[in-house]
Amino acid sequence: MIVKKMIAEKGTVLNNEEIAHGIYQMTFSAERICNEEPFPGQFLNICVDDSWEHPLRRPMSIADVNDNQLSIIYKVFGEGTKILSEYKNGYSIDLLGPLGNSFGETEGTTPILIGGGVGLSPIIWFHKVLQTNGVEHKIVVGAQSVNEHFLSHDPEENIYLTTDDGSVGEHGTVMPTVKKICDEVENPKLFSCGPEPMMKAVHLFVNKFDFPCELSVESYMGCATGLCQGCVIERASNSLKEHSYHERYSLVCTDGPIYQAKEIVFS
Amino acid sequence: MIVKKMIAEKGTVLNNEEIAHGIYQMTFSAERICNEEPFPGQFLNICVDDSWEHPLRRPMSIADVNDNQLSIIYKVFGEGTKILSEYKNGYSIDLLGPLGNSFGETEGTTPILIGGGVGLSPIIWFHKVLQTNGVEHKIVVGAQSVNEHFLSHDPEENIYLTTDDGSVGEHGTVMPTVKKICDEVENPKLFSCGPEPMMKAVHLFVNKFDFPCELSVESYMGCATGLCQGCVIERASNSLKEHSYHERYSLVCTDGPIYQAKEIVFS
Amino acid sequence: MTVDLSVSLGDVSFKNPVFVASGTFGYGTESNDLVDVSQLGAIVTKSITKHPREGNPPPRIVETPSGMINSIGLANIGVDKYIEKMIPVYEKIGTHVITNIAGFSIDDYLHVLEKLESSGGNVCGYEINVSCPNVDTGRMEFSVDPKSTRELTKALRSATKKLLILKLSPNVTDIGEIAAAAVEGGADALSAINTLFGMSIDPATRRPNINTNIGGLSGPSIRPVGIASVYKISKAVDVPVIGIGGITSVKDVIEYLLAGASAVQVGTANFRDAAIATRIINDLGTYCEENDIATICDLIGKVESYD
Amino acid sequence: MTVDLSVSLGDVSFKNPVFVASGTFGYGTESNDLVDVSQLGAIVTKSITKHPREGNPPPRIVETPSGMINSIGLANIGVDKYIEKMIPVYEKIGTHVITNIAGFSIDDYLHVLEKLESSGGNVCGYEINVSCPNVDTGRMEFSVDPKSTRELTKALRSATKKLLILKLSPNVTDIGEIAAAAVEGGADALSAINTLFGMSIDPATRRPNINTNIGGLSGPSIRPVGIASVYKISKAVDVPVIGIGGITSVKDVIEYLLAGASAVQVGTANFRDAAIATRIINDLGTYCEENDIATICDLIGKVESYD
Ligand SMILES: Cc1cc2nc3c(=O)[nH]c(=O)nc-3n(C[C@H](O)[C@H](O)[C@H](O)COP(=O)(O)OP(=O)(O)OC[C@H]3O[C@@H](n4cnc5c(N)ncnc54)[C@H](O)[C@@H]3O)c2cc1C
Ligand SMILES: Cc1cc2nc3c(=O)[nH]c(=O)nc-3n(C[C@H](O)[C@H](O)[C@H](O)COP(=O)(O)OP(=O)(O)OC[C@H]3O[C@@H](n4cnc5c(N)ncnc54)[C@H](O)[C@@H]3O)c2cc1C
Ligand SMILES: Cc1cc2nc3c(=O)[nH]c(=O)nc-3n(C[C@H](O)[C@H](O)[C@H](O)COP(=O)(O)O)c2cc1C
Ligand SMILES: Cc1cc2nc3c(=O)[nH]c(=O)nc-3n(C[C@H](O)[C@H](O)[C@H](O)COP(=O)(O)O)c2cc1C
Ligand code: FES
Ligand code: FES
């Protein structure tokens with residue numbers, strides 16, 4: 001892994017629109033961050049407000065990079081993302097990035113990308129990168145209902161949607177579709193980012209069948225730069241990493257957010 | 001004095017522009033507050049922000065009332081007024097008003113209105129009301145330099161400007177002009193609102209010559225509704241008023257902000 | 001579903017658990033233009049003292065990040081005028097009024113309480129503000145010393161059968177210990193928290209922003225301290241706790257109830273919006289309906305702590 | 001005009017009075033991408049303990065109004081690895097490093113301090129985090145008991161001639177008393193404040209937002225408590241005080257200096273912006289120039305209090 005430099009940069013908002021119910025996509029210019037060549041899985045830490053009412057930045061996965069432009073896809077969750085959703089074009093956005101590690105090796109495998117909800121950004125971007133590089137892969141995207149989807153169900157193009165209520169694509173969670181694909185393809189390797197129940201289901205499944213799998217993990221972050229020790233996740237193994245003061249916990253912001261499924265424990 | 005009801009109302013911003021260096025005028029509709037027929041000297045208490053970073057509202061004198069529209073003139077001072085200055089047309093503004101008492105009797109006197117800086121609002125509005133009612137009067141307005149003025153020096157129309165640097169109107173503070181006018185007119189009665197040094201000078205002057213004088217006083221306010229007891233000013237006399245728990249201090253928000261000069265002590 | 005918002009403290013039943021805090025709602029009638037006070041769970045009055053008090057010189061108030069500092073200095077009309085002017089008004093105010101009492105010696109407090117007892121007025125109970133220097137013991141505050149707190153409570157307990165609430169200060173090493181002392185002394189309930197010590201200075205004038213240099217910090221900034229205090233007190237004692245500190249929304253009320261509060265008081269937020277407590281009461285009903293909570297008691301102390 | 005920003009604590013001179021606070025800047029090297037740490041007045045390290053500590057389970061952090069709560073649980077690499085890995089790095093870091101030490105008995109603290117003394121490394125002094133339970137005396141924190149504080153300070157004083165700073169907790173009845181005890185024990189300087197107790201609860205899950213239920217509150221919300229504490233301490237003792245709590249701008253630094261601080265530490269604000277302390281240092285120079293302040297000493301304790 002190449003170590004990329006963290007950059008603090010003021011970007012300029014170029015677009016900020018609701019792309020599905022309560023889900024927004026924002027694009028901004030951020031030349032110096034783009035120069036660090038971010039890769040899918042990496043994230044930004046965004047200061048939502050000049051004021052100190054919300055002292056902490058909000059971590060957001062990068063959803064795309066185009067020349068000097070970055071984009072994120074985010075859900076309006078609480079006060080911080082509400083403020084983000086009100087940014088107008090031309091607004092100066094306070095960014096820190098690229099942060100964290102990124103999705104790894106796909107060679108010799110059939111990548112199966114699994115995403116859902118706010119965890120879609122790295123998955124969709126990774127999907128684009130693999131397409132560009134001509135790597136054959138599948139992508140499975142889950143949601144509660146059609147309102148939250150902003151891709152089309154297109155199994156011919158290897159894009160599978162699922163909905164809890166059956167309003168588009170396959171009825172149910174992503175898991176039945178994932179299992180079916182794993183049965184069909186050679187050397188499946190899973191890459192997943194999504195809500196905790198989805199991640200737990202994927203984790204359980206790959207551990208049972210011993211499939212290689214990379215998970216993009218979320219945790220509450222204080223700094224995203226290794227200063228606060230707030231963002232820990234429990235390790236399964238005892239492989240001490242650089243910024244972790246210990247063997248039991250890993251810092252999601254600097255060691256992660258991408259982990260081999262076997263490395264970590266979901267509590 | 002007619003007791004007016006306090007109204008909590010969401011107004012709509014109709015205009016918000018810089019009228020002099022760092023000084024803004026904002027106009028908004030606020031039908032229910034206007035129905036209470038505010039009079040010069042009364043003020044609004046404005047919630048600058050939905051968030052609780054600034055828990056307290058900001059008191060602002062009413063600068064004009066037209067049908068269902070109110071306006072204020074304010075200086076960008078700190079964070080709260082900075083936020084106000086960024087309100088766009090159509091924005092919903094959270095108002096409480098009309099609050100406090102108002103300027104009183106002019107009959108049998110020649111009113112001399114003296115204003116400066118952020119204290120101009122009630123003076124200019126009172127000037128308009130007196131004009132409308134055909135009451136002959138003078139108005140003296142002080143500022144540091146021409147940049148802060150938004151009236152024209154027009155002694156023929158009884159409007160006198162003064163500037164500390166002489167860049168427009170009379171050179172110096174308002175006091176020499178005020179003294180000159182007091183020498184010339186019959187039964188002068190002073191009405192003043194402005195920065196503390198101006199008010200102190202007026203206070204000293206009227207006490208010396210025993211001129212009747214009404215001062216509009218500022219103080220740091222917690223609630224502007226008589227709940228917090230935060231906004232006190234020291235009384236000269238011991239005339240106990242309704243909402244004051246005591247004889248020594250008076251609540252500027254409910255007893256004031258207009259006081260007879262003799263009633264109060266400047267510390 | 002009809003939700004039962006009522007709660008009991010001692011022998012008194014309140015229509016809902018949302019009160020307004022002492023010193024932040026005057027004597028209860030100042031905001032009649034803006035709010036129907038009869039909807040409130042209760043009104044806690046400004047602290048009443050033996051003699052009228054003019055309070056501290058200005059400046060008395062300054063804003064801080066998500067909070068404010070005050071030093072009003074217990075300005076109030078004194079117990080005699082309070083009985084004469086306010087008690088009759090409370091006959092038809094439509095909700096419970098709790099009289100908050102302050103003093104500088106046990107005798108001070110007793111004097112006020114006894115006058116109120118013999119006034120026969122419509123006061124459902126007393127909240128005792130112990131954040132005052134105790135002149136009998138060399139100016140240390142009642143609130144910081146378990147012994148002073150216990151003795152004061154005992155003295156007041158013997159003088160009334162009405163609801164007796166001790167209001168605790170967070171400026172102590174162990175609030176649980178003070179709470180236990182108040183309960184030993186006979187308190188029916190405890191309320192917490194009063195303001196934290198706080199100070200700010202104007203760099204331009206080099207003057208403190210408050211005439212007493214150090215004043216009392218309140219508002220949303222202190223909410224985490226209030227919640228922690230309620231949690232600690234409710235682990236330390238068995239009487240109901242009234243949660244105070246930084247409440248601005250129904251979410252904050254739920255946090256306090258889960259932490260162990262049986263009722264709450266809204267303070268600083270009244271200065272922005274005198275009707276905020278009544279709106280929170282409405283929101284509380286809606287919240288309970290939406291979350292299938294039949295009675296407020298199903299929330300009190302129901303935090304699922306980590307062990 | 002050239003402004004003299006330097007300040008002295010004990011025998012050590014610092015290039016400027018703006019340090020970064022323990023636990024909010026790692027070991028000083030994590031943010032090298034973002035900030036030239038050599039510009040800092042000093043770096044105070046994460047608390048170091050006798051043995052490595054893995055810290056508390058997640059969740060460890062939550063935001064609050066203008067603040068945050070944490071319960072990291074003193075996660076650190078332990079003194080041996082600290083001496084091996086970090087001390088050599090500090091040879092060329094370009095500013096002073098103050099090692100913060102935590103422990104659960106006097107022996108714990110002594111062990112760490114003695115190891116550091118004999119390492120011969122480039123550590124200019126020690127800041128002692130006394131907000132830890134004292135296992136010798138039944139788990140009460142060192143910081144809340146004047147006697148524990150005095151004894152601990154005495155023991156450490158006899159083991160080092162270097163700068164010895166005691167870092168005080170605000171969660172006490174009388175911080176002046178604890179300060180006096182630390183000075184009696186031989187402290188060269190005091191720093192204040194560590195975090196306040198704080199708690200918040202997620203209404204949806206009914207779980208505390210922090211694994212230890214109650215955690216430490218920091219950030220702008222606690223600044224008025226920090227300033228009041230520094231003011232009280234500087235009235236109670238004659239050693240320099242380092243002001244901590246909610247600093248985000250040069251204005252905040254001026255307030256702390258006026259209140260009596262000789263230096264300050266920036267904490268939570270580093271999480272938003274690792275370069276914030278260096279920008280404040282620049283702004284401090286500009287402020288002094290614009291206000292004709294020749295040396296920082298002309299600000300220290302210069303508040304014009306009301307009497
Ligand atoms: C590495 C990473 C990548 C992420 N990528 C995305 C993304 O691409 N799109 C997306 O919509 N969301 C993403 N999130 C989640 C996003 O950070 C939270 O939804 C957001 O911070 C909520 O902020 P809020 O102010 O709206 O909510 P709040 O009202 O502040 O809090 C709601 C919840 O959001 C979470 N949260 C709040 N602050 C933080 C914080 N500083 N760090 C982590 N979690 C926090 C907490 O779990 C909290 O309970 C990501 C999180 C991480 C850790
Ligand atoms: C009755 C009255 C009428 C006023 N009318 C006007 C007016 O017409 N135009 C105008 O420009 N200004 C007026 N002011 C002053 C105005 O309220 C302050 O300038 C404003 O509150 C500053 O807010 P801020 O957030 O910008 O400043 P901050 O950064 O918050 O504070 C700067 C200074 O403003 C003052 N201030 C802050 N909050 C309050 C508060 N809640 N109450 C009183 N003072 C406060 C304090 O003195 C403080 O030191 C009036 C004040 C009063 C009491
Ligand atoms: C301006 C002001 C005056 C107060 N006066 C009193 C008082 O007289 N007696 C009392 O017991 N508490 C008094 N308090 C404390 C409040 O009742 C409450 O305990 C505290 O403000 C915390 O709640 P909050 O954060 O909701 O304001 C006062 C608080 C403020 C802000
Ligand atoms: C995440 C975090 C970790 C901390 N860890 C330590 C620590 O290990 N040792 C210590 O003495 N103080 C620690 N502190 C306290 C800070 O050094 C500082 O005293 C406190 O946060 C107040 O300053 P602030 O408001 O600027 O953050 C920590 C604070 C935070 C927020
Ligand atoms: S978020 Fe601060 S160390 Fe990871
Ligand atoms: S501002 Fe609250 S009583 Fe006047």
Proximal component of Leu96(A), with respect to chain D [non-hydrogen, under 4.5 Å]: side chain
Arg272(D) side chain vs Leu56(A) backbone, donor-acceptor pair below 3.5 Å: no
Per-residue contact mode, Ser71(D) against chain A (heavy atom under 4.5 angstrom): neither
Within 6.0 angstrom of Glu18(A) CD, more than 12 heavy atoms from elsewhere: yes
Tyr91(A), OH atom: more than 12 neighbouring heavy atoms under 6.0 Å: yes
Where Leu227(A) and Ala274(D) come nearest, the two heavy atoms and their spacing: CD1-CB, 4.4 Å
Part of Ala275(D) within contact of chain A (heavy atom distance under 4.5 Å): neither
Most contacts with chain A, counted as non-hydrogen pairs under 4.5 angstrom, among Val62(D), Asn270(D), Thr24(D): Val62(D)
Heavy-atom pair count under 4.5 Å with chain A, highest-scoring of Ser221(D), Gly246(D), Ala269(D): Ala269(D)
Gln144(A) atom CD, over 12 foreign heavy atoms within 6.0 Å: no
Neighbour count >12 (heavy atoms, 6.0 Å) for atom NE2, His21(A): no
Taking every non-hydrogen atom, the tightest pair across Gln229(A) and Ala75(D): OE1-CB, 4.2 Å
Engaged part of Pro220(D) at the chain A interface, taking heavy atoms whose separation is under 4.5 Å: side chain
Row check, Trp52(A) ring normal vs Arg223(D) NZ/CZ: under 6.0 Å, within 45°: no
Minimum heavy-atom distance between Ser66(D) and Pro55(A), given as atom pair plus value: C-CG, 3.7 Å
Heavy-atom closest pair, residues Glu54(D) and Tyr249(A): O-CD1, 3.4 Å
Arg58(A)/Glu63(D) ion pair, N-O < 4.0 Å: yes
Most contacts with chain D, counted as non-hydrogen pairs under 4.5 angstrom, among Ser219(A), Cys231(A), Ser51(A): Ser51(A)
Contact origin within Asn56(D) toward chain A - heavy atom pairs under 4.5 Å: backbone
Sidechain-backbone polar pair: Arg248(A) side chain, Gly55(D) backbone, donor-acceptor under 3.5 Å: no
Considering all heavy atoms, the nearest Cys228(A)-Ile61(D) contact: SG-CD1, 3.8 Å
When Gly219(D), Pro57(D), Pro65(D) are compared by non-hydrogen pairs under 4.5 Å with chain A, the top option: Pro57(D)
